[in-house]
Structure formats: C-alpha cells, structure tokens
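Just the heavy atoms: all of them, side chains too, but no hydrogens, waters or symmetry mates, feed the values below. The structure presented is a predicted model; accordingly, all values stated were derived computationally and were not measured.
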Amino acid sequence: MTFFDPMCGWCYGATPLIEVLQANPVIELVMHPGGMIPGRAIEESFRRHILQADSRIAAMTGAKFGERYQAKVSGHEPLILDSYQTALAVVVAQEIAGKGFAMLKAIQSAHFIDGKDTSDLAILQQLAVDLGQGEAEWEKAIAKTKLRLTEIISSSQALMQKLQVRGFPTLLIEKTNQWVTLDHAAFYGHQTGWRDYIAKALGA
C-alpha cells in the first residue's frame, strides 16, 4: 500500500521503488491519494521551496527534472498545482483499466519533465488516451468519480491517521494482519538493495 500525491517531488523520486512493488507478483499495490495541494496558484516562497527540494530529490534519487518544468517553477507566470484533479485521473485509470500506477507515472512525466499543466483535465484525458483509454468512457468515468473524490481523499487521510503515518510517499506492506512501514528512503537510487529488503520484509 502506498500513500502518494502526484504533485509530490519525493513521490516522483520514489517511483522506481514503487515499480519494484508493482512488479512483485506477491504484492497487490493499493494506492491512496493524499490530497496534498488543492488546486491553487503557488506563491513565490513555495516556488523557492520546491526548487530547493527538487535539487535534494535529484541528488538523492537520481530523478530528472526537465528544463521546461524548472523554467515554469522558477518563472513569473502563474503556477497552478492540483493534487485533486491528478488524483482523480489516477483513481479513474485504476478503476476502469487497472492502470492507476501507469497514469501516475504519466502525470509525473508530464509535470516534472515536460512542464505541462496537469491541473487541466484535457491534458489528463490525453494521457489516458495515450495509455489506451477510450475518450467517451474516460469522460463518463471522470464525471462520475469526481462526485466522490473528496470522500476518497478524506478516507485516505483518515487511514493515514489511523495507521499513524504522515508524509508522502509512505509505503507499507501487510504481514500477519499488521501493517509494516517500509523504510524506502534508505534505498533511493538502490533498486537491487530495495528488492532484497522487500523480500526480507515478506519473509521470502
């Protein structure tokens, strides 16, 4: 299980580690969106914070941040970040095609590499189409799921409180009916060691 946010740079840096979980046949990857940033324009101080964090993320994880993205964050044009619209796209992609993680990666690439406005539902729809989703079914599912998106995110946040975890990403596995938090931060950029760690955590 992972608590994530599409607009979170650390989640982007952890994507290769989550890919290992996704590829493990023993693990069912369940994704819970956290709703970190309700859609809004980002102020100057937060822009500086993002750029500083991105520098650390790149150094620790090897994640690449595209020139268009960096120019957008460091520029003076309005910068809108929206965890809700992007979470909506991930949830819908999972519910109708089992492609939630693929959609998350597509959103991360569009945002952190290409600097696209992922608060725009038209851009998110194009990502879905690129993943093989039909436009009509996508639009219908978006409209339906949007009505319960706040409830979905609130449930994720309540579950985080219940499990006493905070921050994105948080990765956990269920073992003998208990949830165990994985120390993913120790394995940024070290997928082989991460695989071994997961195998031990599963008791393999």
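- The OG atom of Ser109 lies 8.5 Å from the CG atom of Leu127; values are rounded to the nearest 0.5 Å.
- Taking every heavy atom of both residues into account, Ala141 and Ile96 meet most closely at CB-CG2, 3.9 Å.
- Taking both residues in full, the closest heavy atoms of His184 and Pro169 are given as CE1-O, 3.2 Å, listed atom of the first, atom of the second, then distance.
- For Arg40, the salt bridge (Lys or Arg N to Asp or Glu O under 4.0 Å) criterion is met by Glu43, not counting sequence neighbours.
- The closest side-chain heavy-atom distance from Phe4 to Leu104 is below 4.5 Å.
- Legend: residues meeting ring-ring contact (aromatic ring centres under 6.0 Å, His included) with Phe168, ordered by chain and number and at least two apart, are absent.
- Of the inter-residue distances, the one linking Ser155 atom OG with His32 atom NE2 reads 9.5 Å to the nearest 0.5 angstrom.
- Using modelled atom types, no side-chain atom of Arg166 and backbone atom of Gln161 make a donor-acceptor pair closer than 3.5 Å.
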Problem set entry | Check against side-chain contact (heavy atoms from CB on, under 4.5 Å), Leu172 and Phe3 | CA-CA 9 Å; Leu172 306 96; Phe3 294 99; 3.6 Å; yes
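- Cluster membership for Met60 and Leu51, using ILVMFWY side-chain heavy atoms within less than 4.5 angstrom, is shared.
- Crowding of Lys146 atom NZ: a count of heavy atoms from other residues, nucleotides or ligands under 6.0 Å not exceeding 12.
- With values rounded to the nearest 0.5 angstrom, Ile57 atom CD1 is found 7.0 Å from Phe112 atom CZ.
- With hydrogens and angles disregarded, no donor-acceptor distance shorter than 3.5 Å links the side chain of Gln133 to the backbone of Ala97.
- Lys175 is not listed as a side-chain neighbour of Leu202, based on a closest heavy-atom distance of 4.5 Å or more.
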For this session: Could you walk me through whether Met103 and Gln94 pass the side-chain contact (heavy atoms from CB on, under 4.5 Å) test, one step at a time?
Result: CA-CA 8 Å; Met103 174 56 78; Gln94 181 61 32; over 6 Å; no
For this session: I would like to know whether Leu29 and Asn24 meet side-chain contact (heavy atoms from CB on, under 4.5 Å); could you show each step before the answer?
Result: CA-CA 9 Å; Leu29 182 63; Asn24 191 313; over 6 Å; no
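- Nearest heavy atoms, Gly35 versus Pro38: O-CD, 4.3 Å.
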Using distance only, find each side-chain donor-acceptor pair of residues 76-93 under 3.5 Å and give its atom names and separation, not counting sequence neighbours.
residue	atom	partner	partner atom	Å
Asp82	OD1	Tyr84	N	2.8
Asp82	OD1	Gln85	N	3.0
Ser83	OG	Asp5	OD1	2.8
Ser83	OG	Asp5	OD2	2.9
Ser83	OG	Ile37	N	2.9
Ser83	OG	Ile37	O	3.4
Thr86	OG1	Asp82	O	2.8
Thr86	OG1	Ser83	O	3.2

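- Note on Phe101 and Val30: separate hydrophobic clusters, where clusters join Ile, Leu, Val, Met, Phe, Trp and Tyr whose side-chain heavy atoms are under 4.5 Å apart, directly or indirectly.
- Applying the side-chain hydrogen bond (donor to acceptor under 3.5 Å, both in side chains) test to residues at least two apart or on different chains, the pairs with a partner in residues 111-123 are Asp117-Ser119.
- Arg148 has its side chain out of reach of Thr150: every pair of non-hydrogen atoms, C-beta onward, lies at least 4.5 Å apart.
- Side chain of Gln191 to backbone of Leu17: no donor-acceptor contact under 3.5 angstrom is found.
- Looking at Lys144 and Lys140, their side chains never come closer than 4.5 Å, going by heavy atoms from C-beta outward.
- Between the side chain of Arg47 and the backbone N or O of Val73 there is at least one donor-acceptor pair closer than 3.5 Å.
- Residue Glu67 places its CD atom among 12 or fewer non-hydrogen atoms of other residues, nucleotides or ligands, all under 6.0 Å distant.
- Residues Glu174 and Gln178 bring no donor and acceptor atom of their side chains to less than 3.5 Å of each other.
- Heavy atoms only, all atoms of each residue included: Leu182 and Ile173 are closest at CD1-CG2, 3.7 Å.
- Legend: side-chain hydrogen bond (donor to acceptor under 3.5 Å, both in side chains) pairs involving residues 9-20, not counting sequence neighbours, sorted by first then second residue: Thr15-Gln108, Glu19-Lys105.
- To the nearest 0.5 Å, atoms CG (Leu149) and OG (Ser154) are separated by 9.0 Å.
- In this structure the side chain of Thr170 never reaches within 4.5 angstrom of the side chain of Thr2, judged on heavy atoms.
- Note that CD of Gln22 and CE of Met31 are 8.0 Å apart. Values are rounded to the nearest 0.5 Å.
- Looking only at side-chain heavy atoms (C-beta outward), Glu135 and Val129 come within less than 4.5 Å of each other.
- Between Thr145 atom OG1 and Ile152 atom CD1 the span is 6.5 Å, to the nearest 0.5 Å.
- Taking Tyr197 as the reference, Phe187, Trp194 meet the ring-ring contact (aromatic ring centres under 6.0 Å, His included) condition, with sequence neighbours excluded.
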For this session: Check the pair Leu124, Leu121 against side-chain contact (heavy atoms from CB on, under 4.5 Å), reporting the backbone distance first and the verdict last.
Result: CA-CA 5 Å; Leu124 296 174; Leu121 280 177; 4.0 Å; yes
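- When every heavy atom of Leu131 is checked against every heavy atom of Lys99, the shortest pair comes out as O-NZ, 2.5 Å.
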